[in-house]
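Here the structure is laid out as structure tokens; the discussion comes afterwards.
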Amino acid sequence: MPHPRRLPQQYALVDGNNFFVSCERVFDPGLEGRPVVVLSNNDGCAVARSDEAKALGIRMGAPYFQIRELLARHGGVALSSNYVLYGDMSRRMMSVVAHYSPEQEVYSIDECFLRFAGFGHWDLTAHARRLRAQVRQWTGIPVGVGIGPSKTLAKLANHLAKKHPDFREGGVCNLQDLAPWHQIRYLSEVDVGEVWGVGPRWAARLGELGIHSAQDLRQADPETLRRRFSVVLERTIRELNGLSCIPLEEAPPARQQIIASRSFGHPVIAKAELLEAVSTYAARAAVRLRRDGLAAGAIQVYLATNPFIPGEPQYHPATLLGFAAPTADTARLIQAARAGLGRIFKPGYRYKKAGVMLVDLLPAGVRQGELFEVGGEPRQERRGRLLEALDSLNARMGRGTLRFAAEGVAQSWGMRRERLTAGYTTDWDGLAVARG
DNA sequence: TCTGGGGTCCTAGGACCC
DNA sequence: TCTGGGGTCCTAGGACCC
């Protein structure tokens, strides 16, 4: 097998270390050196952990009620997630990183890929070290950088940069710097489940076939594994061998669906409360729909009981309602969501979660089937202006300032968020104060 | 008492059509 | 005894990602 050494293109994966925790630490240095976790919605489970929290054995996704004691014993802190803050810090981090390559794909809130084509004469390792120092200096966020000839290898190098003692110090791992036998050694130390695209299920099945490490997978036969798994795994094997199959996506692909759902702060029994909840979710989804310039052809409404309670009667219904013409109108979406709930609601269950999903999304300009709509164009336009005003007011004054009556006022079913930090970067009242 | 939310893609199988 | 075959579309389920 030909070994890729210095290929015409290289990819870097840059990601924030323990991103949510790092964001919180930027604004509260008192969190430095202590075990810190950031909790999911509803203060349900740990979604980000500081190194100190990881050292205590706190797993990703660990339920808060199971780790609260442990954390307290070690002087630890748990925080509710503050997505407005993380989103703002993310934009700052991404804009600094963007200076280091003309091609950037923002892959998630805390990571991005860079592509280096025509950088053959560059020392990418030194380039990555400068990037890392500058992001740290300008945003306060520590990042790791992995470099390789495919996105999968860049991810893997990033894993080594953060986890392997040989690289952790510098926070940069460039596979180009390693001789082939050296690469084999490192890839043999990485569990196959750490490879991008291999989850727990596949890792277990691969283990049964004697494939335990990233190196084992790299040497496996792509054709055989395509038949036993899917083309996705075949592609991963080729990527591990330095053949780039997953292109950089600079522009986000067209959105396929919009989901708005939440677990409730406590079990909900009353239909009236569920009606408020699905109305609120429909309104929230509608805002995102309009922000992206889309209209929905159908809406799905679903309910769920709590699967974690042993012996609890379970019920997970869903129903899909189509629109005569695609719509982005909050009132229509709420109306459909309520109708959908009416179809699936059964009394006697303790509901834990509800949600709506908007599907069959089209650009809002594309109007089909308008023939059968009542009201015609002038009415539609007035409606559009009203919704624009609603969106811009809520964007300025805060979500929920102006809302539809169906969404309810008290929202007693709402989520818990008891450990929230301030909007340090997005809210005047949350500005950090320097004392001296 | 207490266990997140929001996405994508692939595959298998059934319906339907000619 | 014996009961076509191939293409397309849709959906549900299962896997993955952060």
Side-chain angles (χ1 to χ4, degrees), chain A residues 13 15-16 18-20 37-48 58-69 71 78 80-83 86-87 90 105-113 151-152 155 158-159 192-206 225-236 239 245-246 249 252-267 281 284-285 288-289 292 297-298 300 302 304-310 312 316 318-320 322 350 352-361 414-419:
Chain A
L13 181 83
D15 78 340
N18 315 328
F19 184 68
F20 297 168
V37 302
V38 172
L39 302 171
S40 63
N41 286 313
N42 265 319
D43 296 343
C45 50
V47 292
I58 295 175
R59 295 179 339 277
M60 184 69 173
Y64 178 45
F65 72 90
Q66 285 176 9
I67 58 173
R68 188 161 26 196
E69 289 286 309
L71 211 50
S80 300
S81 37
N82 186 343
Y83 285 103
Y86 311 148
S90 171
E105 172 186 343
V106 175
Y107 178 66
S108 74
I109 192 163
D110 73 329
E111 62 191 294
C112 65
F113 288 100
K151 286 166 92 174
T152 302
K155 272 275 209 186
N158 178 278
H159 174 80
V192 73
E194 300 289 348
V195 174
W196 190 40
V198 179
R201 298 289 164 88
W202 285 6
R205 279 176 60 196
L206 287 166
L225 290 194
R226 179 181 57 194
R227 269 181 272 116
R228 301 183 86 132
F229 292 79
S230 83
V231 296
V232 176
L233 190 60
E234 180 194 23
R235 206 174 50 188
T236 297
E239 283 246 323
C245 307
I246 307 174
E249 288 175 10
R255 192 194 275 288
Q256 305 294 308
Q257 55 182 222
I258 293 173
I259 296 174
S261 77
R262 282 287 181 281
S263 297
F264 304 130
H266 60 81
Y281 304 154
R284 242 176 244 172
R288 280 149 62 193
L289 191 65
D292 290 1
Q300 186 180 321
Y302 56 92
T305 47
N306 189 342
F308 291 105
I309 299 179
E312 177 89 2
H316 298 96
T319 186
L320 184 73
R350 292 152 52 83
K352 178 61 181 166
K353 182 175 179 174
V356 305
M357 190 190 312
L358 306 183
V359 294
D360 295 347
L361 306 185
M415 65 177 179
R416 283 190 305 273
R417 231 178 154 205
E418 291 164 358
R419 326 191 57 81

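Just so we're on the same page: letters track the sequence lines, and every chain starts at 1. The figures that follow rest on heavy atoms only: side chains count, while hydrogens, waters and symmetry mates do not.
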L206(A) CG to dA15(C) P: how many Å, rounded? 13 Å
Excluding sequence neighbours, so at least two apart, what forms side chain to side chain contact (heavy atoms under 4.5 Å, CB included) with D360(A)? A298(A)
For DNA chain C, stems built from three or more consecutive Watson-Crick or G-U wobble pairs below 3.5 Å: B:5-18 with C:5-18
How far does the C1' atom of dC2(B) sit from the matching atom of dC18(C), given to the nearest Å? 24 Å
For Y83(A), check ring pair (Phe, Tyr, Trp, His ring centres under 6.0 Å) against everything at least two apart and list the hits. F20(A), Y86(A)
Residue list, side chain to side chain contact (heavy atoms under 4.5 Å, CB included) with A285(A), at least two apart or on another chain: I258(A), A260(A), V356(A), L358(A)
Taking atom C1' of dT11(B) as reference, at what distance in whole Å does atom CZ of R228(A) sit? 17 Å
Look only at the side chain of R255(A) and the backbone of L289(A), and say whether a donor-acceptor pair between them is shorter than 3.5 Å. no
Taking the side chain from S90(A) and the backbone from I109(A), do they hold a donor-acceptor pair closer than 3.5 Å? yes
List, with names and distances, any nitrogen or oxygen atoms from the protein found under 3.5 Å away from nitrogen or oxygen atoms belonging to nucleotides 7-10 of chain B.
unit_1	atom_1	unit_2	atom_2	d
dG7(B)	OP1	R255(A)	NH1	2.9
dG7(B)	OP1	R288(A)	NH2	2.5
dG7(B)	OP2	I259(A)	N	2.6
dG7(B)	OP2	R288(A)	NH2	3.4
dG7(B)	O5'	R255(A)	NH1	3.3
dT8(B)	OP1	Q256(A)	N	3.0

All side chain to side chain contact (heavy atoms under 4.5 Å, CB included) counterparts of T305(A), not counting sequence neighbours: Q314(A), Y315(A), H316(A), Y349(A), Y351(A)
Does the side chain of S263(A) get closer than 4.0 angstrom to OP1 or OP2 of dT3(B) through an N or O atom? no
Quick one: I67(A) CD1 to dC2(B) C1', roughly how many Å, whole number? 12 Å
Picking from dG6(B), dC2(B), dG4(B), which would you name as closest to the side chain of Y83(A)? dG4(B)
Just list the side-chain donor-acceptor pairs under 3.5 Å for residues 194-205 of chain A, sequence neighbours left out, or say none.
unit_1	atom_1	unit_2	atom_2	d
W196(A)	NE1	Y107(A)	OH	3.3
R205(A)	NH2	R228(A)	O	2.7

Does K352(A) place a side-chain N or O at less than 4.0 Å from the phosphate oxygens OP1/OP2 of dG4(B)? no
Check the distance between dT3(B)'s C1' and L39(A)'s CG and give it to me in whole angstrom. 12 Å
Between the protein and nucleotides 16-18 of chain C, which nitrogen or oxygen pairs are less than 3.5 angstrom apart?
unit_1	atom_1	unit_2	atom_2	d
dC16(C)	OP1	G199(A)	N	3.0
dC16(C)	OP1	G199(A)	O	3.1
dC16(C)	OP1	R201(A)	N	3.4
dC16(C)	OP1	W202(A)	N	2.8
dC17(C)	OP1	G197(A)	N	3.0
dC17(C)	OP1	V198(A)	N	3.3
dC17(C)	OP1	V198(A)	O	3.4
dC17(C)	O3'	W196(A)	NE1	3.4
dC18(C)	OP1	K155(A)	NZ	2.6
dC18(C)	O3'	S108(A)	OG	2.6
dC18(C)	O3'	D110(A)	OD1	3.2
dC18(C)	O3'	E111(A)	OE2	3.1

Please work out if F308(A) contacts a base, only the sugar-phosphate, or nothing of the nucleic acid, heavy-atom cut-off 4.0 Å. base
Nearest-Å distance for atom pair NZ/P, residues K353(A) and dG4(B): 7 Å
Considering heavy-atom distances to DNA chain B, does R227(A) or Y302(A) have its closest nucleotide positioned more toward the 5' end? Y302(A)
Provide, to the nearest angstrom, the distance between the CE atom belonging to M357(A) and the C1' atom belonging to dG13(C). 13 Å
Pick the P atom in dC17(C) and in dT3(B), then give their distance to the nearest Å. 25 Å
Whole-Å distance, F264(A) CZ to dG4(B) P, equals 13 Å
Which residues share a salt bridge (charged side-chain N to carboxylate O under 4.0 Å, His left out) with R226(A), sequence neighbours left out: E223(A), E234(A)
Kindly confirm or rule out a cation-pi arrangement of R284(A) over Y281(A), judged by NZ or CZ under 6.0 Å from the six-membered ring centre and within 45° of its axis? no
Under the salt bridge (charged side-chain N to carboxylate O under 4.0 Å, His left out) rule, collect the residues that match up with K155(A), sequence neighbours excluded. E111(A)
Can you name the side chain to side chain contact (heavy atoms under 4.5 Å, CB included) partners of C45(A), sequence neighbours left out? S40(A)
Whole-Å distance separating the CD atom of Q300(A) from the C1' atom of dG5(B): 16 Å
By salt bridge (charged side-chain N to carboxylate O under 4.0 Å, His left out), D15(A) pairs with (sequence neighbours left out) K162(A)
